[in-house]
Protein chains: 2
Amino acid sequence: MSKKERQQKLLQTIDGNPFVTDRELTRQLKVSIQTIRLDRLELGIPELRERMKLMAEHSYDQVRSLPPDEIVGDIVDLQLDKSGISIFEIREEHVFSRNGIARGHYVFAQANSLAVAVINDEIALTASADIRFVRMVRLGEKCIAKAQVRSLAGRGGKAEVDVFTYVVEELVFQGHFVVYRSAVEE
Amino acid sequence: MSKKERQQKLLQTIDGNPFVTDRELTRQLKVSIQTIRLDRLELGIPELRERMKLMAEHSYDQVRSLPPDEIVGDIVDLQLDKSGISIFEIREEHVFSRNGIARGHYVFAQANSLAVAVINDEIALTASADIRFVRMVRLGEKCIAKAQVRSLAGRGGKAEVDVFTYVVEELVFQGHFVVYRSAVEE
DNA sequence: TACATATTAGTACCTGGTTCTAAAATGAAA
DNA sequence: TTTCATTTTAGAACCAGGTACTAATATGTA
């Protein structure tokens, strides 16, 4: 493998998983750790901790600068174990090309992500869900999902989260999620 | 200032700025660094790097939405209006970085895609669904989703599709989908 | 005065690096 | 084949921001 190829692969790998350490990269690319570090230097890729810091700052800024009605990012408001709001714009790649209607799983994914994000626990996984697609969502529409934590069992229990998704003022989706939460590491 | 008061202030300070180091905290609270660390220990506040890592993972997991693929999973068998089988392998990009467990919406997306694909109609949209994540799916596992059409109203009506997803022989997901079908172009 | 609690000090050690120097391997041109 | 540049590897010193542990000293209070 040439240097160019390796650096290409390095970029891809780190892009696919930014939490990878140099040591893990040596195993994947079969070169010494010094080479990895020279490559990162040449490519301008910061070290793991710096990458995590940048991501953390970015998300922190996002949640901080909560623009009341402006549409910017994904999660615009998050009160752990209480509520959250996320915004998702339906684009080309989310719709059936035939009719411009959003595929259900994108609308679900937004709600599911939010339901999981709002639960303040190391591990939060969806256990079950009861969902209803109230009306079709079309290309270009902005889905505003609002989550409310309804009940919250102690650590290691289950939480119930209701999510309502609106386009402007109109309800397009509703879901009742049971989220499994646990601090255990299995 | 009492211990309680100080710990209260510590919580507030870190909450207000999670990127603060212990050294900076000593300056603000006028106690030794050991006291700061004992306080963090008692309050269960992780160290700066761990805090940043958690934030980064949280936002990263959140940001990762579904791939812009038309259909999630490979459909390997399809008998329109009857049944279908799709295979989907859980890879890096589908799991929570922290624990390698698949995000629920991918498993849902596979089932949803299949439920829609199995309906032989110009437009087929998910109307509602009742789903259950039976067990967690892990990195590298192959999900085999099997769909069965249960009932089929005439054109313009609703169809009911059951999807069961397995890893090897083990059931990991089950869902009952109500799919809206229509030849109308609205 | 005695005792418990709280605080401070100091050391060894950890991860995941940076920075620097230097040796070895590899490849291509003369 | 020799020569030279590039590439790769190695190793040591050092860094931030900690943890874990031991031990000494303050401080309040009964």
Side-chain angles (χ1 to χ4, degrees), chain A residues 1-61 64 120-123 155 183-186, chain B residues 1-61 92 95-100 139:
Chain A
M1 207 197 315
S2 76
K3 190 179 175 180
K4 285 242 165 181
E5 285 175 321
R6 188 190 57 232
Q7 295 197 340
Q8 205 53 39
K9 206 162 179 176
L10 187 92
L11 269 171
Q12 279 173 23
T13 310
I14 293 183
D15 197 56
N17 174 20
F19 299 94
V20 69
T21 63
D22 287 357
R23 196 158 299 281
E24 280 173 50
L25 287 166
T26 64
R27 284 192 276 274
Q28 295 194 31
L29 301 183
K30 307 285 184 198
V31 285
S32 73
I33 202 158
Q34 281 77 6
T35 302
I36 298 288
R37 287 170 179 170
L38 278 174
D39 282 352
R40 272 202 300 100
L41 197 69
E42 283 182 28
L43 297 169
I45 300 172
E47 61 168 293
L48 169 60
R49 285 165 181 162
E50 198 56 32
R51 295 197 298 269
M52 294 196 300
K53 188 180 180 184
L54 288 172
M55 279 192 277
E57 282 173 340
H58 190 261
S59 73
Y60 187 69
D61 288 347
R64 277 278 121 161
N120 181 23
D121 218 316
E122 278 182 47
I123 303 176
R155 296 251 143 183
V184 214
E185 39 250 58
E186 278 251 354
Chain B
M1 208 196 316
S2 78
K3 189 179 175 179
K4 286 243 168 184
E5 285 174 321
R6 188 190 57 233
Q7 294 196 341
Q8 205 54 40
K9 205 162 181 176
L10 186 90
L11 269 171
Q12 279 173 22
T13 309
I14 292 181
D15 197 56
N17 173 23
F19 299 95
V20 70
T21 62
D22 286 359
R23 196 157 301 281
E24 280 173 50
L25 287 165
T26 63
R27 285 191 276 273
Q28 295 194 34
L29 301 183
K30 308 283 184 199
V31 284
S32 74
I33 203 157
Q34 280 78 4
T35 302
I36 297 289
R37 287 170 178 170
L38 278 174
D39 281 353
R40 270 201 304 100
L41 196 70
E42 284 182 27
L43 297 170
I45 300 172
E47 61 167 292
L48 168 60
R49 286 165 180 166
E50 196 57 30
R51 294 197 299 270
M52 293 197 300
K53 187 180 180 183
L54 288 172
M55 278 193 276
E57 282 175 337
H58 207 80
S59 72
Y60 185 68
D61 287 342
E92 280 288 353
V95 303
F96 290 100
S97 52
R98 189 163 186 77
N99 50 32
L139 183 59

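What you see is a predicted model; the values in this text were computed from it and never measured. These values consider heavy atoms only, across backbone and side chains, with no hydrogens, waters or symmetry-generated copies. All chains are named by letter (A, B, ...) in the order of the sequence lines, taking the proteins before the strands, and each is independently numbered beginning at 1.
Distance CG (B/Asp39) to C1' (D/dG18): 16 Å, rounded to an integer number of Å. The distance between atom CD1 of A/Ile45 and atom C1' of C/dT18, rounded to the nearest whole Å, is 16 Å. Protein atom NZ of B/Lys3 is 14 Å distant from nucleotide atom C1' of C/dT8, rounded to whole Å. What separates NZ of A/Lys4 from P of D/dT6 is a distance of 15 Å, to the nearest Å. The CZ-P distance, from A/Arg49 to D/dG18, rounds to 10 Å in whole Å. Between the CD atom of B/Gln7 and the C1' atom of C/dA6 there is a distance of 11 Å, given to the nearest Å. A/Glu50 places its CD atom 21 Å from the P atom of C/dT15, with the value rounded to the nearest Å. For A/Leu48 and C/dG17, the CG to P distance is 5 Å, given to the nearest whole Å.
For B/Arg6 (side chain) and B/Lys30 (main-chain N/O), no donor-acceptor pair under 3.5 Å exists by modelled atom type. When atom types are taken as modelled, the side chain of B/Glu5 and the backbone of B/Ser2 share a donor-acceptor pair closer than 3.5 angstrom.
Using a 4.0 Å heavy-atom cutoff across all strands shown, B/Arg37 reaches at least one base atom of the nucleic acid. B/Glu47 comes within 4.0 angstrom of sugar-phosphate atoms only, judged by non-hydrogen atoms across all strands, and of no base. Using a 4.0 Å heavy-atom criterion, one finds that A/Arg51 contacts no nucleic acid atom at all. In this structure, B/Ile33 reaches neither bases nor backbone, as no heavy-atom distance under 4.0 Å exists between it and the strands shown. A/Leu38 comes within 4.0 angstrom of a nucleotide base, judged by non-hydrogen atoms across all strands.
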- [ ] Any chance you could lay out the side-chain contact (heavy atoms from CB on, under 4.5 Å) test for A/Met52 and A/Leu48, step after step, and finish with the verdict?
- [x] CA-CA 6 Å; A/Met52 294 196 300; A/Leu48 169 60; 3.9 Å; yes
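Proximity of A/Thr35 to the phosphate of D/dT9: a side-chain N or O atom is located under 4.0 Å from OP1 or OP2. Regarding contacts with the backbone of D/dT19, a side-chain N or O of B/Arg40 is found under 4.0 angstrom from either OP1 or OP2. Within the structure, every side-chain polar atom (N or O) of A/Arg23 is placed at least 4.0 Å from both OP1 and OP2 of C/dG17.
None of A/Leu41, A/Ile45, A/Thr26 except one satisfies the side chain to side chain contact (heavy atoms under 4.5 Å, CB included) rule with A/Ile36; the exception is A/Thr26.
One finds no salt bridge joining A/Lys3 and A/Asp39 here, because no Lys/Arg side-chain nitrogen approaches an Asp/Glu carboxylate oxygen to under 4.0 Å.
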